[in-house]
Amino acid sequence: MTGPTSSQCADLERAVRTYGGHWDTERALRALRDAGHDPQDKHTRQILRDLASEGLLVKVEDRPVRYSTVRTG
């Protein structure tokens, strides 16, 4: 397991920017595990909400919650 939760935010943001597409909690958890973290569901959902509030993701479904990467450029 790597460092503090702030590194989870950075690693998930990097994965979203690298792979794009649709993101839900399960995909985010897999990406964080692949990056060497031991993520928790609740915290991972918060990171997804934070990335959406920053404009990197946009919510496309409510139940189950699903996001899509915002294309830039």
Side-chain angles (χ1 to χ4, degrees):
M1 182 165 123
T2 59
T5 56
S6 62
S7 65
Q8 288 187 27
C9 297
D11 286 343
L12 187 54
E13 179 177 349
R14 189 175 307 111
V16 168
R17 289 181 186 280
T18 300
Y19 300 113
H22 287 53
W23 288 84
D24 58 13
T25 304
E26 288 305 312
R27 184 175 183 197
L29 287 167
R30 273 193 313 275
L32 288 173
R33 286 186 197 110
D34 289 348
H37 298 282
D38 183 19
Q40 302 299 311
D41 287 12
K42 184 176 181 178
H43 182 68
T44 302
R45 288 191 300 270
Q46 182 61 54
I47 295 171
L48 289 170
R49 286 191 296 272
D50 292 345
L51 292 176
S53 71
E54 293 171 9
L56 182 59
L57 295 171
V58 63
K59 188 188 279 189
V60 294
E61 274 183 59
D62 281 329
R63 294 198 185 262
V65 174
R66 192 166 131 161
Y67 298 90
S68 182
T69 307
V70 174
R71 296 203 179 263
T72 58

Separation of [Y] [atom2] from [X] [atom1] (nearest 0.5 Å):
X   : Y   : atom1 : atom2 : result
L51 : L57 : CG    : CG    : 5.5 Å
L29 : H43 : CG    : NE2   : 10.5 Å
Q8  : Q46 : CD    : CD    : 12.5 Å

Item to complete: Could you note down all residue pairs passing side chain to side chain donor-acceptor pair (under 3.5 Å) where residues 23-33 supplies at least one of them, sequence neighbours left out?
Response: none
Item to complete: Sort and list the pairs that fulfil salt bridge (Lys or Arg N to Asp or Glu O under 4.0 Å) and have at least one residue in residues 41-59, not counting sequence neighbours.
Response: K59-D62
Discussion item. Quick check on the hydrophobic clustering: are V65 and I47 connected, directly or via other members, by side-chain heavy-atom contacts under 4.5 Å?
Written reply: yes
Practice prompt. Look at the side-chain heavy atoms of Ile, Leu, Val, Met, Phe, Trp and Tyr, link any pair under 4.5 Å apart, and say whether L56 and L48 land in one connected group.
Written response: yes
Worksheet item: Is there a donor-acceptor pair under 3.5 Å between the side chain of S68 and the backbone N or O of V58?
Response: no
